[in-house]
2 protein chains.
Amino acid sequence: MPVDECEVKKVDAGRVAAIRGLIDAADATRLAELFKLLGDPTRARILYALLEAGEMCVCDIGETVEIPESTASHALRLLRTAGIVRNRRDGRMVHYSLDDAHVRMLLDLSLQHLRHDQGSGQ
Amino acid sequence: MPVDECEVKKVDAGRVAAIRGLIDAADATRLAELFKLLGDPTRARILYALLEAGEMCVCDIGETVEIPESTASHALRLLRTAGIVRNRRDGRMVHYSLDDAHVRMLLDLSLQHLRHDQGSGQ
DNA sequence: CCGATATCTGTACAGGTATGCAGATATCTA
DNA sequence: TAGATATCTGCATACCTGTACAGATATCGG
């Protein structure tokens, strides 16, 4: 058998190894978790609403996104646990707002993506 | 508090209506679909690999991400359908690369987020 | 045309998860 | 303290989706 150790016909084994080292699976998984949180229509609507409004109570969020408040609460908990939003208690109301500069930039960037062109890149 | 038309105890009905008009549900859903595609560890690893490598064939992608090539092919199809990656046929091999400037920026931004230089911006 | 290589597709299964109702908890007002 | 308001949590369910095996398709070398 030729040059390779045993089996495969790798096109560019060196590059494969190099790229593999740049982003390990754990990092990619963490990044995916972040995007996954933004990848739900309900949570996305909540986040874009907060991006515009700055701060909203659960009840107004539910009204804005047109979902029951319990659903909003569930969604907000996930976002808060991930450090994407923060909450501020004011009496019996809890106000939520974005709490991550990078996420805010991601949301802005994605809005540009939406408003610019949707189908074809350049 | 001004009296509402009928039912609820809305805290700020005007703001709710205003925010609701800024991003409608359809837009948010489309944005969520984009993030959802980035929100899978396998697809994320593929995208970050392409971000670094520029262009890779399916076989090297599978090797880099350590998945069967059929899994890579499935993932790449979703990404291609969404306009996130493009493919270039070269003989019996197909080379994939990123095909969306905004997505490339999203990936870069998320890498910054990962590297945790948070605190800039507001 | 034939065999080999590279990629794609059909399909089935497993695991995850978004959702909302009902009830629990916290806070305010009187 | 009692009652009302705002939010949270437990749970059940239905839906979605990532995965990979096996086979189909496309392309190349000769």
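Being a predicted model, the structure only gives us computed values, none of them experimental. Excluded from the calculations below are hydrogen atoms, water molecules and symmetry mates; all remaining heavy atoms, backbone and side chain alike, are included. Residue numbering restarts at 1 for every chain, and letters A, B, ... go by the order of the sequence lines.
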Q: Enter the distance from L98(B):CG to R104(B):CZ here, rounded to the nearest 0.5 Å.
A: 5.0 Å

**Q.** Taking every non-hydrogen atom, the tightest pair across V11(B) and M93(A)
**A.** CG2-SD, 3.5 Å

Under 3.5 Å, which N/O atoms of the protein pair with N/O atoms of nucleotides 9-11 of chain D?
{"residue": "dT9(D)", "atom": "OP2", "partner": "R77(A)", "partner atom": "NE", "Å": "3.4"}
{"residue": "dG10(D)", "atom": "O6", "partner": "H74(A)", "partner atom": "NE2", "Å": "3.0"}

Q | Contacting residues from residues 84-95 of chain B, given that a heavy atom lies under 4.0 angstrom of DNA chain D | A | R89(B), G91(B), R92(B)

Q) Bend across the helix from dC1(C)-dG30(D) to dA30(C)-dT1(D), to 10°, with axes taken over 5 pairs at each end? A) 40°

Q | Rounded distance in Å - CD (E63(B)) to P (dT7(C)) | A | 12 Å

(Q) In this structure, how many angstroms lie between the P atom of dT7(D) and the CD1 atom of I46(A), rounded? (A) 13 Å

Q.
Any side-chain to backbone donor/acceptor pair from R15(A) onto A17(A)? Under 3.5 Å, distance only.
A. no

**Q.** Contact summary for L76(B) and I61(B), nearest pair of heavy atoms
**A.** CD1-CD1, 4.0 Å

Q: Scan for side chain to side chain donor-acceptor pair (under 3.5 Å) pairs involving residues 35-49 of chain A, sequence neighbours excluded, and state none if there are none.
A: Y48(A)-S110(A)

(Q) Other residues, nucleotides and ligands only: do more than 12 of their heavy atoms fall within 6.0 Å of CZ on R80(A)? (A) yes

Q.
List the residues meeting salt bridge (charged side-chain N to carboxylate O under 4.0 Å, His left out) with E33(B), not counting sequence neighbours, and say none if there are none.
A. none

(Q) If you define the side chain from C-beta out and look only at heavy atoms, does anything of L34(B) sit under 4.5 Å from H102(B)? (A) no

Q.
It should be established whether Y96(B) places a side-chain nitrogen or oxygen under 4.0 Å from OP1 or OP2 of nucleotide dC8(C).
A. yes

**Q.** Spacing of L76(B) atom CG relative to dA20(D) atom P, expressed in whole Å
**A.** 14 Å

Q | Separation between CD1 of I46(A) and CD1 of I23(B), rounded to the nearest 0.5 Å | A | 12.5 Å

Distances under 3.5 Å only, N/O to N/O: pair up the protein atoms with those of nucleotides 15-17 of chain D.
none

Q.
Measure CD1/I61(B) against P/dC8(C) and give the value in whole Å, please.
A. 9 Å

(Q) Looking at R88(A), I'd like to know if its CZ atom is crowded, meaning that more than 12 non-hydrogen atoms belonging to other residues, nucleotides or ligands lie closer than 6.0 Å. (A) yes

(Q) Are L47(A) and L37(A) packed together at the side-chain level, in the sense that at least one heavy-atom pair is separated by less than 4.5 angstrom? (A) no

Q: Name the orientation class of the two ring planes belonging to F35(B) and F35(A) (parallel below 30°, tilted from 30 to 60°, perpendicular beyond 60°).
A: parallel

Q.
If you compare all heavy atoms of A28(A) against all heavy atoms of P41(B), which two are closest, and at what distance to 0.1 Å?
A. CB-O, 4.5 Å

